[in-house]
Amino acid sequence: MSKGIIKKVAGPLVVASGMRGANMYDVVRVSERRLIGEVIEMHGDEASIQVYEETSGLGPGAPVESTGMPLSVELGPGLIQSIYDGIQRPLDDILKVSGTNLLTRGVEVPSLKRDIKWHFVPTVVPGTYVEAGDVIGTVQETAVVLHKIMVPIGKSGRIRDLKEGEFTVTDKIATLETENGPEDLTLMQKWPVRQGRPYKKKIPPTQPLITGQRVVDTMFPIAKGGVAAVPGPFGSGKTVIQHQLAKWADADIVVYIGCGERGNEMTDVLNEFPELKDPKTGRSLMERTVLIANTSDMPVAAREASIYTGITVAEYFRDMGYSVALMADSTSRWAEALREMSGRLQEMPGEEGYPAYLGSRLAQFYERAGMVQTLGTEERYGALSVIGAVSPAGGDISEPVSQATLRIVKVFWSLDSALAYKRHFPAINWLTSYSLYLDSMEEWFNKNVYPDWMYCRNRLMRLLQEEAELQEIVQLVGMDALSPPERLRLEAARSVREDFLHQNSFHEIDTYTSLEKQYRMMKLVLAYYQEAAEAMNAGADIEELVNLPVREEIGRYKYTEESRIQPAYEAVRARLKEELAALLARKED
């Protein structure tokens, strides 16, 4: 264990001498206050340390002690429903220790509570040979999460003894006979946050992560195990979208990281999540959620730690065979922390002062997502989907963080402040967004929903693109310059925008739309366009086609309950045919 003294303090960066025995990324304790930090650069016996707590009051000569261990998280029962800071300290326990809402510097509390006993149920018998990743028992952590206790990575051998009972996370639950002798197993294991947890193999994602949000599922879907970016300016709805995805996405576990957003946004998350009802179970959404809360007033270095802490926790649940959705809000704050630390280290800056390795750091984070076959003798699959919000200044996505992210992710949901100001939510711009998973998931949609799902989706997209071209003509010479077929195309595109893409997250029915209902909504919009075009060819007037009463019913179909989508769909289709037939009959008279 290496000990040294502080040589220089520059904000969150501390330079210590006498640290020759320390290694890169070792956790260190700084000064008598025992502030927690991490070695990020070594030159001879000098170590540059990023401190995850406020460094005011520190000066040269204060002691520095290396723990000899990398920054690691505790993984075991008790993670779910917890609210941590960026280095996995439970905020409720910090409050008890400090007695104030302000974080006390140097406070040391265990990440997993040591006084809670969990009921452990073995799933193997003594004498069983087990490998890393094998499940040896379970703990019912919450009403909705069955926590699987796995053999730690790097361990294998025969189980000598284990029994059912009540245990804390540090109690011995079994003895494992390994090549190096017997080892005690507990409910808890540790893992370094900067190292991705291993797996047998990564599988190409072909199944969508169903979110119930129409613009996402239909237009720009994300795969289970996929990665997406949500860039957008202030007030465009990044946090709202992440809340909706956390609540409705087809994931077993949600990990929400507030890596440097404003305190009021994180307060909203902390207040709202416990009150949100999980639509799958009817219970609190927190019963399958882990929150990591880091706000802008915390030291910048802690933002980086929160990113790695969150994804390591998510990988742990993925290894159990669960589908995990991770929300990072927002990675721009992390990138700004990298820029500040890089500047203090006097590294050669890249574009706009960001470090030259910004792209590789982002890539290392996002590549830890994926659909994988987990370690262990049984065949088990898990998925980790990552949705990262990006906050470019002024909404300018040409800045380095947005561009580096776009080179990595395969789904781009471009938030548009103009749409947000028009009260169009989700404010995802359909002309600038994209999903590179569409081709790989076409077969899944056509097989599991309807054979013409992707055909209908592409027709809607074509209408929206044609509308953008026609709007340019309208702005130059006016609506009168358009032919009747072009006007009808504009009306159909307006129906796509207002009746299909616009979704009210506060409406009890419209907040979530099943794939079946999304398909029916697409068919109604396309049916109006196609049958109105046929009626126009038969002599119908464009003004009458635009003002058909049935259009209001098409627009209100989104408020139809899931149990009535089929009869309501048939009723609207019948009404459309009746009104068009009556219109043509009047023309003939």
Side-chain angles (χ1 to χ4, degrees), residues 215-216 219-220 222 227-245 257-266 294-297 300 303-304 306-307 327-343 347-366 386-436 464-465 468-469 471-472 475 497 501:
V215 68
V216 172
M219 294 299 185
F220 312 109
I222 177 176
V227 289
V230 194
F234 172 77
S236 58
K238 294 187 294 295
T239 305
V240 173
I241 285 178
Q242 291 202 317
H243 282 205
Q244 281 292 91
L245 296 180
I257 311 170
C259 45
E261 279 305 297
R262 295 175 305 283
N264 61 331
E265 285 196 1
M266 210 57 227
N294 244 22
T295 58
S296 292
D297 62 342
V300 292
R303 301 178 193 173
E304 182 178 23
S306 65
I307 283 281
M327 317 290 164
D329 187 15
S330 81
T331 55
S332 292
R333 306 288 172 251
W334 168 36
E336 288 162 8
L338 287 177
R339 177 168 62 183
E340 178 167 341
M341 296 306 296
S342 175
E347 295 174 337
M348 181 69 74
E351 190 179 356
E352 292 189 24
Y354 287 100
Y357 49 78
L358 172 68
S360 64
R361 286 285 178 89
L362 286 169
Q364 286 166 12
F365 168 68
Y366 281 109
V386 175
I387 296 110
V390 185
S391 308
D396 177 18
I397 63 166
S398 65
E399 56 88 41
V401 182
S402 299
Q403 289 302 307
T405 305
L406 288 182
R407 286 193 287 270
I408 301 159
V409 302
K410 292 196 171 184
V411 178
F412 174 58
W413 297 321
S414 174
L415 293 177
D416 190 335
S417 56
L419 286 174
Y421 295 149
K422 291 176 186 174
R423 317 304 296 168
H424 180 107
F425 288 101
I428 294 176
N429 188 310
W430 46 87
L431 297 176
T432 54
S433 302
Y434 61 81
S435 170
L436 300 181
L464 292 168
Q465 290 165 343
E469 295 168 5
Q471 285 290 2
E472 292 181 11
Q475 288 169 0
R497 284 190 287 107
L501 294 181

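Note that the numbering runs from 1 along the sequence shown for the chain. Just so it is clear, the values below take in all heavy atoms, side chains as well, and ignore hydrogens, waters and symmetry mates.
- Minimum heavy-atom separation, Ile307 to Cys259: CD1-SG, 3.7 Å.
- In this model, no donor atom of one side chain and acceptor atom of the other lie less than 3.5 Å apart for Ser391 and Ser332.
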**Request:** Show your working on side-chain contact (heavy atoms from CB on, under 4.5 Å) between Arg303 and Leu338 and close with a plain yes or no.
**Result:** CA-CA 9 Å; Arg303 301 178 193 173; Leu338 287 177; over 6 Å; no
**Request:** Start with the C-alpha gap between Tyr354 and Glu336, add the side-chain angles, then the distance that decides, and say whether side chain to side chain donor-acceptor pair (under 3.5 Å) holds.
**Result:** CA-CA 8 Å; Tyr354 287 100; Glu336 288 162 8; 4.7 Å; no
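- Annotation: side chain of Val216 is not in contact with side chain of Gln244 (no heavy-atom distance under 4.5 Å).
- For Ile397 against Pro392, the heavy-atom pair with the smallest separation is CG2-CG, 4.2 Å.
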**Asked** So Val230 and Val390, side-chain contact (heavy atoms from CB on, under 4.5 Å) or not? Walk me through it.
**Response** CA-CA 6 Å; Val230 194; Val390 185; over 6 Å; no
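- Here the CG atom belonging to Asp416 is positioned 8.0 Å from the NZ atom belonging to Lys422, to the nearest 0.5 angstrom.
- Nearest heavy atom pair, residue Trp413 against residue Pro231, reads O-CD, 3.2 Å.
- Side-chain contact between Leu436 and Phe412: absent, with no pair of heavy atoms (C-beta onward) separated by less than 4.5 Å.
- Checked against a 6.0 Å centroid threshold, the rings of Phe220 and Trp430 do not count as neighbours.
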**Request:** Go through Ile428 and Leu415 one step at a time and tell me if the side-chain contact (heavy atoms from CB on, under 4.5 Å) criterion holds.
**Result:** CA-CA 5 Å; Ile428 294 176; Leu415 293 177; 3.7 Å; yes
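- Here the closest heavy-atom approach between residue Ser433 and residue Ser414 is recorded as OG-N, 2.9 Å.
- With values rounded to the nearest 0.5 angstrom, Ser398 atom OG is found 11.0 Å from Leu406 atom CG.
- Taking both residues in full, the closest heavy atoms of Lys238 and Gly232 are given as NZ-O, 2.9 Å, listed atom of the first, atom of the second, then distance.
- The structure places OH of Tyr434 at 11.0 Å from NZ of Lys410, a figure rounded to the nearest 0.5 Å.
- Taking Arg361 as the reference, Glu304 meet the side chain to side chain donor-acceptor pair (under 3.5 Å) condition, with sequence neighbours excluded.
- Counting non-hydrogen atoms of other residues, nucleotides and ligands closer than 6.0 Å to OH of Tyr357 gives a total above 12.
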**Request:** Applying side-chain contact (heavy atoms from CB on, under 4.5 Å), run through Tyr366 and Val409 and close with a yes or a no.
**Result:** CA-CA 8 Å; Tyr366 281 109; Val409 302; 4.0 Å; yes
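- Here the side chains of Val386 and Phe365 are in contact, with some heavy-atom distance below 4.5 Å.
- Between the side chain of Glu399 and the main chain of Ser402, a donor-acceptor pair closer than 3.5 Å is present.
- Side-chain contact between Asp329 and Ile257 is absent, with no heavy-atom pair separated by less than 4.5 Å.
- By the 4.5 Å heavy-atom criterion applied to side chains, Leu358 and Arg339 are not counted as neighbours.
- Scanning all heavy atoms of the two residues, the minimum distance from Ile408 to Val227 falls at O-CG2, 4.4 Å.
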